[in-house]
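The figures here come from the full heavy-atom set of this structure, side chains too, leaving out hydrogens, waters and symmetry mates.
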Amino acid sequence: MTTFTHESYLSPLTWRYGSETMRRTWSETEKRRLMRRVWVALAEAQYEAGLVTAMQVADLRARQDHIDIERAQQIEEEIGHDLMAEIHTYAEQCPTGGPIIHLGATSMDVLDNVDALRLRTALDQIIERLKRSLATLAARIAEEADTPAIAFTHIQPAEPTTVGYRFAQHGQDLLADLEELQRVRNNIRGKGIKGAVGTSASYDQLLSESGFTPRQLEERVMQKLDLPVFEAATQTYPRKQDWLVVNALAGLCASLHKFAFDLRILQSPPFGEWSEPFGSKQVGSSAMPFKRNPVSAENIDSLTRQVAALPRIAWDNSALNLLERTLDDSANRRLYLPEAFLLTDEVLMRCQRLFEGMTVWPGPTARNLRDYGVFAATERLLMEAVKAGGDRQHLHELIREQSLVAWKALQEGKPNPLVDNLMTDPRISDLIPPERTHSLLQASAYVGDAPQRARNIAAAIHAAIHAAVD
């Protein structure tokens, strides 16, 4: 039997990225187990139609899980056809049932139904992992809903927000991803049992004297597989389905990429507001012992970038699968379908650890709000001064001048003088008492309804997860 060691190339997906559960779903053993499940379902339906015997079906069913990849590979080396090699392997194990395996079928009657089953199982695993991540994130949203922080536009200080509201942006995106993944999952279809070009002609001939129609046979088989079916198919199910699946995974990865990228920015010491977990024995750099690099977030961005490239392959397979089929999709589907799921699985696991263990540092968060939030809070002062009888244009210019002075002081490493300068400027103090000016320039209260909106997102996440469970 072929064995693999680190003396030969191994994909990182074989051992480094993704869960064992997801690897099993896309394993060669699981693929062949599902192939045999399709053959058994077909034989059972053909027995109902009077085409095969109960003993033949029982023989196939009894050896359904006796997967022998080594023997199948030996046969494949001789005949050059992997599915026929598995049929021969199965037939060798089933002296009674072997002669009727794959009766009337074409390869894709088996393989495309197997792939549909695997797509659905893998989507279920991703959805469950995403729901756990969303539940954790919703708790962080609620926890930090009222925590004020300076917001950044163009990576420059803007107006205040709250940490929970910032988390809520990510939660909202991931909630949309959950809905899309559930929609795609619920629409997974198999090819069905339709023969070489999807016309069911072989089954029509086979069933001509049975009283069964090809549609009835297909319905029996697909009921046994618990898999809905495309009404129209060629030799394959529509490759548009693969694109929809991988595109949904890439959409999820876009949301996870943005979260990880924001974390990378906010972990940088000039910001210093967030940081990912860092183990007591973790090494940040081989050269610089002091480093605490955001390696988990960087890994997420690296892997999601790879997933983002995969919908293009699925698009080509859908658009260029000419007439009733061409085989130029076959090899790449063996690569990109498991790759998309294993990479997404990995980044979800990493994001779960970040949602659980990341730190929001109160000191740097308050410092940035103190130093930069006052600039945004001048809008409040402007509104109040105009209401007190001031000239909006004159006051706007006054605040602009004082703000430039304050920015220069900050760039020189000095404390922000803006509050004191505005409190003591007679053009302001003649309209608003200094203590009122001081109160208006406290940016922590200038967050609008962000806390409530954050809580609304957390509630929507909980509702969606609960609905999914129901």
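- In this structure, Leu83 and Ser107 approach most closely via the heavy-atom pair CD2-OG, 3.7 Å.
- Of the N and O atoms on the side chains of Asn113 and Tyr237, not one donor lies less than 3.5 Å from an acceptor on the other residue.
- Of all heavy-atom pairs between Leu354 and Leu263, the closest is CD1-CD2, 3.7 Å.
- Taking the six-membered ring for Trp and thresholds of 30 and 60 degrees, Trp274 and Phe259 have ring planes inclined between 30 and 60 degrees apart.
- Contact between Gly192 and Val229 at its shortest, heavy atoms only, is CA-CG2, 3.3 Å.
- In this structure, Arg333 is not positioned above the aromatic face of Tyr336 in the sense of NZ or CZ being under 6.0 Å from the six-membered ring centre and within 45° of the axis.
- The residues Lys224 and Glu48 are annotated as salt-bridged, a charged nitrogen and a carboxylate oxygen being separated by less than 4.0 angstrom.
- A donor and an acceptor atom, one from each side chain of Arg71 and Gln74, are located under 3.5 Å apart.
- Exactly one of Arg185, Lys131, Arg118 qualifies for a salt bridge (Lys or Arg N to Asp or Glu O under 4.0 Å) with Asp124. That residue is Arg185.
- A salt bridge does not link Arg183 to Glu179: none of the charged side-chain nitrogens sits closer than 4.0 Å to a carboxylate oxygen.
- By the 4.0 Å N-to-carboxylate-O rule, Glu231 lies close enough to Arg215 to be salt-bridged with it.
- Judged as a side chain to side chain contact (heavy atoms under 4.5 Å, CB included), and not counting sequence neighbours, Ala142 has no contacts.
- Atom CG of Asp82 sits about 10.5 Å away from atom CD of Gln73, to the nearest 0.5 Å.
- Under the rule for a side chain to side chain donor-acceptor pair (under 3.5 Å), the partners of Asp449 that lie at least two apart in sequence or sit in another chain are Arg453.
- Inter-residue side-chain proximity for Glu276 and Val295 is flagged as met; some heavy-atom pair is nearer than 4.5 Å.
- Taking every heavy atom of both residues into account, Ala116 and Arg189 meet most closely at CB-O, 3.5 Å.
- Checked by atom type, the side-chain pair Gln125/Thr25 shows a donor-acceptor distance below 3.5 Å.
- Put simply, the side chain of Ile461 reaches to within 4.5 Å of the side chain of Ile141, judged on heavy atoms.
- Side chains of His81 and Glu76 form no contact here, defined as non-hydrogen atoms less than 4.5 Å apart.
- In this structure, Ile75 CD1 and Thr89 OG1 are separated by 3.5 Å, a value rounded to the nearest 0.5 Å.
- Residue Leu348 holds its CG atom at 11.5 Å from CG of Leu343, rounded to the nearest 0.5 Å.
- Side-chain contact of Asn317 with Asn332: a donor-acceptor pair under 3.5 Å is present, judged by distance alone.
- Residues passing the ring pair (Phe, Tyr, Trp, His ring centres under 6.0 Å) test with Phe230, sequence neighbours excluded: none.
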Can you give the donor-acceptor pairs under 3.5 Å from side chains of residues 356-364 to other protein atoms, not counting sequence neighbours?
| residue | atom | partner | partner atom | Å |
| --- | --- | --- | --- | --- |
| Glu356 | OE2 | Gln352 | NE2 | 2.7 |
| Trp361 | NE1 | Ser275 | OG | 2.8 |

Task: side chain to side chain donor-acceptor pair (under 3.5 Å) between Gln182 and Asn186, intermediate numbers included - done: CA-CA 6 Å; Gln182 289 171 329; Asn186 291 336; over 6 Å; no
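- Side-chain contact of Asp173 with Gln169: a donor-acceptor pair under 3.5 Å is absent, judged by distance alone.
- Remark: the Glu273 side chain and the Gln267 side chain contain no N/O donor-acceptor pair separated by less than 3.5 Å.
- Residues Val307 and Val246 form no side-chain contact, since every pair of their non-hydrogen atoms from C-beta on lies 4.5 Å or further apart.
- Put simply, the side chain of Tyr446 reaches to within 4.5 Å of the side chain of Glu159, judged on heavy atoms.
- Contacts classified as ring-ring contact (aromatic ring centres under 6.0 Å, His included) and involving residues 174-218 (residues at least two apart or in different chains) are not found.
- Distance check, rounded to the nearest 0.5 Å: CG of Leu225 to CD of Gln223 gives 10.5 Å.
- No donor-acceptor pair closer than 3.5 Å links the side chain of Ser302 to the backbone N or O of Asn299.
- A donor-acceptor contact under 3.5 angstrom links the side chains of Ser19 and Asp345, judged on distance only.
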Open item on the list: Does Phe271 form a ring pair (Phe, Tyr, Trp, His ring centres under 6.0 Å) with Phe152? I'd like the steps, not just the answer.
Closed with: CA-CA 11 Å; Phe271 294 88; Phe152 294 89; 5.0 Å; yes
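- The pair Asp109-Lys194 fails the salt-bridge criterion, with no side-chain N (NZ, NE, NH1 or NH2) lying under 4.0 Å from an Asp/Glu carboxylate O.
- Gln93 and Asp68 share no side-chain donor-acceptor pair at under 3.5 Å.
- With contacts defined as side-chain heavy-atom distances shorter than 4.5 Å, the pair Glu128/Ile126 does not qualify.
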Could you list the donor-acceptor pairs under 3.5 angstrom formed between side-chain atoms of residues 94-103 and any protein atom two or more places apart in sequence or on another chain?
| residue | atom | partner | partner atom | Å |
| --- | --- | --- | --- | --- |
| His102 | ND1 | Trp39 | NE1 | 2.9 |
| His102 | NE2 | Ala105 | O | 3.3 |

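- Asp112 pairs with exactly one of Gln235, Arg239, Gln241 by the side chain to side chain donor-acceptor pair (under 3.5 Å) rule, that one being Arg239.
- Summarising the geometry of Ala43 relative to Val52, their closest heavy-atom pair is O-CG2, 3.4 Å, with the distance given to 0.1 Å.
- Residues Ile300 and Leu256 approach most closely at CG2-O, 3.8 Å, considering heavy atoms.
- A salt bridge links Glu86 with Arg32: the distance from a Lys NZ or Arg NE/NH1/NH2 to an Asp or Glu carboxylate oxygen falls below 4.0 Å.
- Using a 4.5 Å heavy-atom cutoff, the side chains of Thr121 and Trp26 are not in contact.
- A cation-pi arrangement, defined by a distance under 6.0 Å to the six-membered ring centre and an angle within 45 degrees of its axis, is present between Arg36 and Tyr90.
- Between His170 and Ile457, every side-chain heavy-atom pair lies at or beyond the 4.5 Å cut-off.
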